[in-house]
Amino acid sequence: MITRTKFDPKEIESKWQTKWEADHIYNASDESSKPNFYNLVMFPYPSGDLHMGHWYNYSPFDTYGRFKRMQGYNVMQPIGFDAFGLPAENAAIKRGIQARTWTLANIENMRKQLRAMGAQWDWQREVITCLPDYYQWTQWLFLQFYKKGLAYRTKAPANWCPGCNTTLANEQVLADGTCERCGSLVERREIDQWLLKISSYAERLLDFSEVTDWPEKTITMQRNWIGRSEGAEVRFTSTIGDKQEEIPVFTTRPDTIYGVTFFVLAPEHPWVNKITTPEQRAEVNAYVEQARRMTEIERMSSDKEKSGVFTGAYVTNPVSGEKTPVWIADYVLMSYGSGAIMGVPAHDQRDFAFARKFGIPIREVIRAEEDEVSDPATWSEAKEALGVMVNSGPFDGTPGEEAKARIIQFIEEKGIGHSTINYRLRDWLISRQRYWGAPIPIVYCAEHGTVPVPEDQLPVKLPENVQFKATGESPLRYEPEFLNTTCPICGGPATREADTMDTFIDSSWYYLRYADAHNSEEAWSQEKMEKWLPVDQYVGGVEHAILHLLYARFFVKALHDMGHLNFDEPFKRLFHQGMVLGSDGQKMSKSRGNVEAPDKYVDKYGADTVRCYMMFIGPFEAGGLFRADNLEGVWRFLNRVWSLVGETWVNKPDTRETSESKAIERLRHKTIKRVTEDLSHFRFNTALAALMEFNNVLIKQQRDAVAQSQAYRDALQTLLQLLAPFAPHIAEELWHQTGHANSIHTTEWPAYVEEMTRDDIFTLVVQINGKVRERIEVAADISEEEVRTLALNNERVQSFIGQASVQKVIYIPGRLVNIVIRNN
RNA sequence: GGGGCGAUGGCGGAAUGGUAGACGCAGGAGACUUAAAAUCUCCCGGCUGAAAGGCUGUGAGGGUUCGACUCCCUCUCGCCCCA
């Protein structure tokens with residue numbers, strides 16, 4: 001016995017945290033002979049507090065990283081802060097405190113909380129995106145994109161609040177379309193903005209062949225978001241003034257072109273003004289105005305009643321030669337395709353609803369073979385399936401895919417269109433008319449127009465003391481010292497771009513910077529990049545499945561093409577944790593009043609208990625309910641480990657083998673196997689259950705003679721090592737109390753021998769017609785013949801068989817035997 | 001409306017097509033204690049039985065199989081994503 005002290009997490013946790021940090025045991029070496037492993041978790045926004053979700057996310061993540069370290073990897077596990085963004089500005093306005101001050105104070109507090117988790121963070125690689133030594137390189141990256149023509153400026157629609165006289169981010173627009181600050185109805189306005197040409201990478205982003213382990217769900221979501229569709233662009237014609245003009249439409253169904261009975265422009269389409277007849281103008285203008293006030297989501301909603309207005313104009317169908325009326329309707333979006341569609345009500349559901357509403361004729365031009373001839377006026381919905389062309393002049397009788405191909409061939413020959421691929425993915429709008437972000441490194445010169453800031457003049461520094469407007473408008477627009485500059489080309493007076501970059505830009509490359517966080521000469525060196533990247537394991541919420549992860553992939557592919565990276569997928573393996581919910585099964589939120597702060601429980605039970613509890617809730621990917629009661633379970637478990645090791649450790653173990661010691665040794669190997677396999681597959685809950693079982697068995701035998709054995713002492717030692725990734729402090733403390741001088745976290749993960757995980761006896765289950773009737777202890781190497789004899793001669797089994805005849809005996813080695821009988 | 005995921009004791013959950021409910025919480029009984037807390041021991045799906053045991057049971061209904069929580073079909077409910 002070595003100790004009878006009480007388990008006091010407070011004391012040991014701060015002791016070991018200090019010691020680990022002083023010894024730098026978690027700072028990944030750039031020069032290690034071990035294989036590198038880059039273990040990454042999505043970095044937090046510095047809201048000021050580490051909440052339950054962070055603990056739920058980081059505890060298993062850290063346990064996994066510790067497991068990999070003990071398995072012999074040189075693990076890099078960095079942490080940092082996604083520190084730009086709107087909340088800092090809101091705090092600045094509300095509390096009269098500078099955004100930078102607020103953010104850095106929050107970071108300071110969160111660092112403390114992150115340290116208290118006892119995770120193996122490599123603090124030497126910390127990145128903070130709002131500091132100039134980081135955003136200098138964000139700006140540098142922007143310039144690289146600009147040089148390659150991947151960053152451009154154009155008029156793009158933005159959320160505009162007429163009350164505040166400013167643009168709003170999507171998050172600032174409430175669900176009812178009003179401004180969160182002043183309540184005005186938000187409009188969409190065309191404003192000059194910067195975009196990144198992600199659309200030119202659409203095809204490449206659809207290729208996931210370089211990732212090794214991503215959730216299929218996430219890949220599907222990205223594919224749908226990119227929204228590739230094959231089809232044709234067809235140019236309709238119209239006479240405007242005295243000129244014949246062409247207007248392109250995109251369709252995935254060129255085979256339905258004879259079914260066009262109307263034509264629709266998006267309300268903001270440039271043609272609307274040109275072609276509307278004087279009689280229709282007032283009505284059209286009113287409709288355009290109304291559509292402008294709606295969000296795209298509202299407009300696209302399929303259960304919304306269709307609306308639209310006739311323009312008075314007509315276009316000519318270039319294939320059939322027919323004239324069709326031109327409408328405008330808000331279900332057509334300017335941002336998809338060409339902002340114009342051919343209306344085929346018979347074979348497109350939305351067109352069908354529109355035609356029904358406005359009494360537009362519906363003409364069937366595709367018929368499924370089994371279909372009877374019927375009047376489209378009697379249909380209740382459009383027939384969207386492929387079929388044979390009818391009512392289509394010379395094309396009648398052409399089936400399915402061939403029909404599409406023949407129309408495409410026809411329009412290409414006539415020069416009135418061509419086959420094409422359309423993507424739903426739009427270019428990435430990165431301008432934010434905000435203060436707290438990385439300034440876009442561009443100046444405007446009367447002489448030279450748009451001029452990029454030369455790389456050696458970076459960073460373009462964000463002024464740190466600014467006056468906020470009550471409206472929330474960006475103070476950068478009123479900072480002459482920031483705005484007024486000189487043209488890098490001619491030295492003449494010039495104005496800086498006052499917009500800052502979307503914070504998704506910051507997070508699109510932070511994982512690259514971790515590899516070389518303090519490089520003041522370049523964003524990263526080739527050497528460090530090649531050493532650490534791509535990321536081996538990435539863990540983060542499914543809410544980032546589309547935007548963040550798609551943007552990061554785009555960055556890496558573009559930077560790869562520019563020669564800055566030697567790989568083109570950033571994250572080899574990806575894991576999405578589930579969400580931790582309140583005890584009522586609802587998402588934690590202030591309004592529901594079910595928010596639980598982790599600090600309270602860390603204070604009461606210690607970090608080890610909270611970490612373990614987070615992992616014990618259930619499968620990591622599934623999330624689960626936080627129930628304070630259940631913390632008691634893991635708390636008791638850790639206490640039992642504490643007293644077991646303290647009371648049972650012997651310095652001079654008995655090395656003789658007994659059947660009991662062999663059984664302990666077998667259990668030790670079995671447990672290593674279970675925990676190793678569970679951790680490899682992110683099954684933290686069952687790994688902990690295995691440790692609890694192991695602990696329970698050892699406790700049961702703690703007063704027996706076997707507790708004096710070498711095997712038992714080995715078992716205690718293994719228990720501590722297996723527990724170390726989960727509960728790093730208590731494991732370290734007990735490791736030292738049992739006479740070890742090194743850190744348990746630098747020890748090698750225990751190995752198991754497959755042979756030792758197998759028992760020499762097992763419980764043979766005897767079923768009769770699939771029902772368990774008897775259990776017999778038998779030797780592991782029992783033959784099938786012996787099993788048959790044993791089972792059939794068993795007294796209980798006999799009594800169940802009675803007069804019935806045995807039809808069949810099925811033996812599953814090592815498990816069970818099923819006797820199939822039939823009553824005579 | 002489309003797609004995906006899920007539904008197992010009072011609760012969280014566990015089960016390569018092979019002993020359903022591991023592990024833990026809550027609950028019950030007992031030990032220790034002047035008492036309580038802590039700790040320890042036992043019990044703990046339902047029905048039935050003194051017990052041994054029997055029957056039944058993984059959202060509902062069907063199917064495949066010697067055997068189904070697990071595979072297939074239909075339905076109900078819940079969550080997520082897209083519309």
Side-chain angles (χ1 to χ4, degrees), chain A residues 6-7 215-227 296-304 331 333 336 349-350 353 381-382 384 424 541-546 576 578-581 583-587 612-640 642-644 647 674 677-678 683-697 699-700 702-703 762-776 796 799-800 806-822:
Chain A
K6 213 170 144 285
F7 170 42
E216 207 46 53
K217 182 175 66 170
T218 305
I219 292 177
T220 305
M221 280 166 70
Q222 291 207 356
R223 288 223 167 100
N224 292 339
W225 185 260
I226 295 166
E296 287 202 356
I297 296 154
E298 284 174 325
R299 285 172 51 170
M300 293 290 288
S301 172
S302 54
D303 42 329
K304 173 181 158 287
Y331 78 96
L333 300 177
Y336 184 79
Q349 188 53 41
R350 287 179 313 173
E381 58 179 24
E384 298 190 331
R424 209 186 74 101
V542 69
E543 66 273 21
H544 294 111
I546 297 175
H576 295 306
M579 205 194 307
V580 62
L581 306 170
S583 56
D584 55 358
Q586 299 290 307
K587 202 168 163 171
C612 289
Y613 172 63
M614 291 295 163
M615 293 181 254
F616 197 61
I617 288 178
F620 192 25
E621 69 276 15
L625 279 55
F626 177 89
R627 294 178 58 105
D629 281 359
N630 292 0
L631 274 155
E632 283 291 336
V634 281
W635 166 247
R636 283 175 203 156
F637 162 61
L638 293 179
N639 273 283
R640 283 198 297 264
W642 177 273
S643 49
L644 170 70
E647 292 165 15
R674 281 176 72 183
E677 288 180 353
D678 282 350
R683 295 188 299 243
F684 302 95
N685 55 332
T686 49
L688 270 170
L691 288 175
M692 289 175 178
E693 285 181 54
F694 190 31
N695 191 46
N696 289 345
V697 171
I699 287 173
K700 272 232 160 68
Q702 126 180 73
R703 312 268 170 247
F762 72 95
T763 305
L764 175 71
V765 169
V766 184
Q767 295 184 338
I768 293 168
N769 286 349
K771 287 190 179 177
V772 180
R773 294 304 185 190
E774 181 66 307
R775 295 179 172 86
I776 311 170
R796 266 182 62 76
S799 73
F800 271 102
V806 174
Q807 301 286 309
K808 213 197 263 191
V809 177
I810 294 149
Y811 176 52
I812 307 298
R815 291 206 177 261
L816 59 73
V817 61
N818 188 14
I819 300 164
V820 184
I821 59 170
R822 196 165 64 198

Considering all heavy atoms, the nearest Met692(A)-Val634(A) contact: CE-CG1, 3.8 Å
Taking the same atom, P, in G28(B) and in C44(B), what whole-Å distance lies between them? 16 Å
Between U41(B) and U65(B), how many Å separate the two C1' atoms, rounded to a whole number? 44 Å
It should be established whether Lys771(A) places a side-chain nitrogen or oxygen under 4.0 Å from OP1 or OP2 of nucleotide C66(B). no
Residues Arg703(A) and Glu647(A) bridged, charged N to O under 4.0 Å: yes
Determine the interatomic distance between P on G24(B) and the same-named atom on C42(B); round to the nearest Å. 12 Å
Rounded to whole Å, the NE2-P distance (His576(A) to G4(B)) equals 17 Å
By a strict heavy-atom criterion of less than 4.0 Å, which residues belonging to residues 215-226 of chain A are in contact with RNA chain B? Met221(A)
C1' atoms of A22(B) and A36(B), separation to the nearest Å: 34 Å
What one-letter contact string describes nucleotides 14-25 of chain B from 5' to 3', where B marks a base within less than 4.0 Å of any protein heavy atom, S marks contact via sugar-phosphate atoms alone, and - marks no contact? S-B-BB--BBSS
Relative to its sugar, using the 90° cut-off around 0, the base of G63(B) is anti
Using whole Å, what does the distance between atom P of nucleotide A52(B) and atom CD of Glu774(A) come to? 15 Å
Say you pick atom C1' in C79(B) and the same atom in C72(B); how far apart are they, in whole Å? 24 Å
Take atom CG of Leu644(A) and atom P of C40(B), then tell me their distance rounded to the nearest Å. 11 Å
Which residue, Met579(A) or Gly623(A), contacts RNA chain B at a nucleotide closer to its 5' end, judged by nearest heavy atom? Gly623(A)
Nearest-Å distance for atom pair CE/C1', residues Met614(A) and G12(B): 14 Å
